Amino acid sequence: MNSIIDHLRSHRSFRKFQTDRAIPKEQLDAIIRATQSAPSWINGQQYSIIAVQNPERKQKMAELCGNQPYIAESSVFLVFVADFYRTHLASETHGGSLTAVENVDALLVGATDVGLACENAIIAAESFDLGVVCIGGIRRNMADVVDFLQLPKYVFPVVGLCIGYPDVEMPIKPRFPKEAVYFEETYQTDVTNAMAAYDETIIPFSAREGGISWTKRVSAFYDKDYYPSIAETLKKQGFLMKDKN
């Protein structure tokens, strides 16, 4: 195909890093600037990135994210936050109400802008032969993360990204067959056979989870309210205030 396609299809998550290597400032700067080139709704750029590099602070972030050691081991831990603080300042400047942040659509906008920016950071980091792993556990103790990072109102953490020099080689995990995720014109619900086949394919790559199938793992994650305190923290940060009932 081409080098960009090959790059994208070689993505892997790394959870073991060389702890004694810092990323050159020039490379980190290039990663952040590439991240800023990601698209965003209305060019609102509703995200910010907080780099955590201090060893003690990385250790604390590891604890807040559910005791994930690779956060502390990484060269830098980037926290991607949905950020409407600059929007708040713009609204104050022009006498706006900022009413829209009380609607669930603001959460979708913020999360989408974060996702697009984070993917740019991943691709940029991998171009320097660095390893990465996304950390959804940043939302596990959201209120504590808000305090630890001193996030102002209208800002909340969405995802973290460990970047560092891999200490082990990792295989590329197989994805669903294209037919299970790509449809033409309308959604197709007949995907059970593809899911069953994928269950068998993924088991050898799921040793970290105990060698289980995709359906069993995902079912377990969605069998409960995984991070139940998020709604309360979002309200504290200025979101989801409208009651439509």
Side-chain angles (χ1 to χ4, degrees), residues 17 22-23 25 28-29 31-36 38 40-41 44-93 96-104 106-118 120-122 125 132-164 226-241:
F17 298 101
I23 298 172
K25 290 183 179 180
L28 182 57
D29 180 71
I31 291 168
I32 299 305
R33 292 182 184 277
T35 298
Q36 287 188 268
S40 65
W41 186 62
Q45 303 169 72
Q46 313 288 187
Y47 69 90
S48 289
I49 310 159
I50 301 169
V52 182
Q53 295 175 288
N54 176 276
E56 289 76 19
R57 289 180 61 80
K58 283 191 298 180
Q59 180 59 46
K60 181 61 177 179
M61 288 303 307
E63 295 169 6
L64 291 176
C65 294
N67 296 311
Q68 301 190 55
Y70 21 95
I71 295 175
E73 295 172 355
S74 66
S75 298
V76 60
F77 182 56
L78 300 183
V79 180
F80 287 79
V81 298
D83 189 348
F84 291 83
Y85 180 72
R86 292 185 295 269
T87 309
H88 156 67
L89 296 179
S91 294
E92 281 193 334
T93 299
S97 66
L98 205 66
T99 299
V101 301
E102 299 175 4
N103 190 293
V104 69
L107 302 183
L108 296 176
V109 168
T112 300
D113 279 10
V114 162
L116 291 167
C118 185
N120 265 32
I122 290 170
V132 301
V133 62
C134 290
I135 305 295
I138 197 77
R139 303 185 301 276
R140 179 183 295 272
N141 297 295
M142 185 182 281
D144 293 331
V145 172
V146 166
D147 291 341
F148 187 68
L149 298 178
Q150 299 180 26
L151 303 183
K153 195 173 182 180
Y154 306 119
V155 180
F156 63 93
V158 178
V159 68
L161 182 68
C162 296
I163 305 179
Y226 208 65
Y227 299 143
S229 64
I230 287 180
E232 182 179 346
T233 304
L234 288 175
K235 287 181 179 179
K236 180 182 176 182
Q237 293 301 100
F239 299 89
L240 291 178
M241 301 299 290

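Numbers here are sequence positions counted from 1. Here the structure is a predicted model, which means the values were calculated and not measured.
- Between the CD atom in Glu102 and the OG1 atom in Thr99 there is a gap of 6.0 Å [rounded to 0.5 Å].
- Annotation: side chain of Phe17 is in contact with side chain of Cys162 (closest heavy-atom distance under 4.5 Å).
- Under the 4.5 Å side-chain criterion, counting only non-hydrogen atoms from C-beta, Val79 is in contact with Ile138.
- In this structure the side chain of Val81 never reaches within 4.5 angstrom of the side chain of Val114, judged on heavy atoms.
- Taking 4.5 Å as the limit, every side-chain heavy atom of Met142 sits out of range of all side-chain heavy atoms of Tyr227.
- Here the side chain of Lys58 pairs a donor or acceptor atom with the backbone of Ser74 at under 3.5 angstrom.
- Residue Ser48 holds its OG atom at 10.5 Å from CZ of Phe80, rounded to the nearest 0.5 Å.
- For the atom pair Ile31 CD1 and Leu78 CG, the distance stands at 7.5 Å (nearest 0.5 Å).
- Among all heavy-atom pairs drawn from Gly164 and Ser75, the shortest one is CA-OG, 3.7 Å.
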message = Would Cys118 and Cys134 count as a side chain to side chain contact (heavy atoms under 4.5 Å, CB included) here? Give the steps.
response = CA-CA 9 Å; Cys118 185; Cys134 290; 4.1 Å; yes
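- Side-chain N or O atoms of Gln68 include one that pairs as donor or acceptor with a backbone N or O of Cys65 at under 3.5 Å.
- Between Leu151 and Ile50, some side-chain heavy-atom pair lies under the 4.5 Å cut-off.
- Salt bridge status for Asp29 with Lys25: absent, with no side-chain N to carboxylate O gap under 4.0 Å.
- For the atom pair His88 NE2 and Tyr154 OH, the distance stands at 6.0 Å (nearest 0.5 Å).
- For the pair Leu161/Ile122, a side-chain contact is recorded, criterion being any heavy-atom separation below 4.5 Å from C-beta on.
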request  = Test Lys235 against Ile230 for side chain to side chain contact (heavy atoms under 4.5 Å, CB included), laying out the working first.
outcome  = CA-CA 9 Å; Lys235 287 181 179 179; Ile230 287 180; over 6 Å; no
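- The two atoms that bring Arg140 and Tyr226 nearest to each other are NH2-OH, 4.1 Å, heavy atoms only.
- Between the side chains of Thr233 and Arg139, no donor-acceptor pair is found at a separation under 3.5 Å.
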message = Using side chain to side chain contact (heavy atoms under 4.5 Å, CB included), reason through Asn120 and Leu116 one step at a time and then give a plain yes or no.
response = CA-CA 6 Å; Asn120 265 32; Leu116 291 167; over 6 Å; no
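- Nearest approach of Pro157 to Val145, heavy atoms of both residues: CG-CG1, 3.9 Å.
- Gln45 has its side chain out of reach of Asp113: every pair of non-hydrogen atoms, C-beta onward, lies at least 4.5 Å apart.
- Here the CD atom belonging to Gln59 is positioned 11.0 Å from the CG atom belonging to Asn54, to the nearest 0.5 angstrom.
- A heavy-atom distance below 4.5 Å is not found between the side chains of Lys60 and Glu56.
- Heavy-atom contacts from other residues, nucleotides or ligands closer than 6.0 Å to CZ of Phe148 number more than 12.
- Sparse packing is recorded around CD of Glu232, with 12 or fewer heavy atoms of other residues, nucleotides or ligands lying under 6.0 Å away.
- Proximity of a side-chain donor or acceptor of Asn141 to a complementary backbone N or O of Leu64 within less than 3.5 Å is detected.
- Of all the heavy atoms in Ile163 and Ala125, the pair that sits closest is CG2-CB, 4.0 Å.
- Between Phe239 and Phe156, a ring centre-to-centre spacing shorter than 6.0 Å is recorded.
- With rounding to the nearest 0.5 angstrom, the CG atom of Leu98 is 7.0 Å from the OG1 atom of Thr87.
- A donor-acceptor pair is defined here as one N or O able to donate and one able to accept, closer than 3.5 Å; such a pair exists between the side chain of Gln237 and the backbone of Val155.
- When every heavy atom of Ala72 is checked against every heavy atom of Ala62, the shortest pair comes out as N-CB, 4.2 Å.
- No side-chain donor-acceptor contact under 3.5 Å links Asp83 to the backbone of Gln46.
- Arg33 places no side-chain N or O within 3.5 Å of a backbone atom of Leu28 that could act as its donor or acceptor partner.
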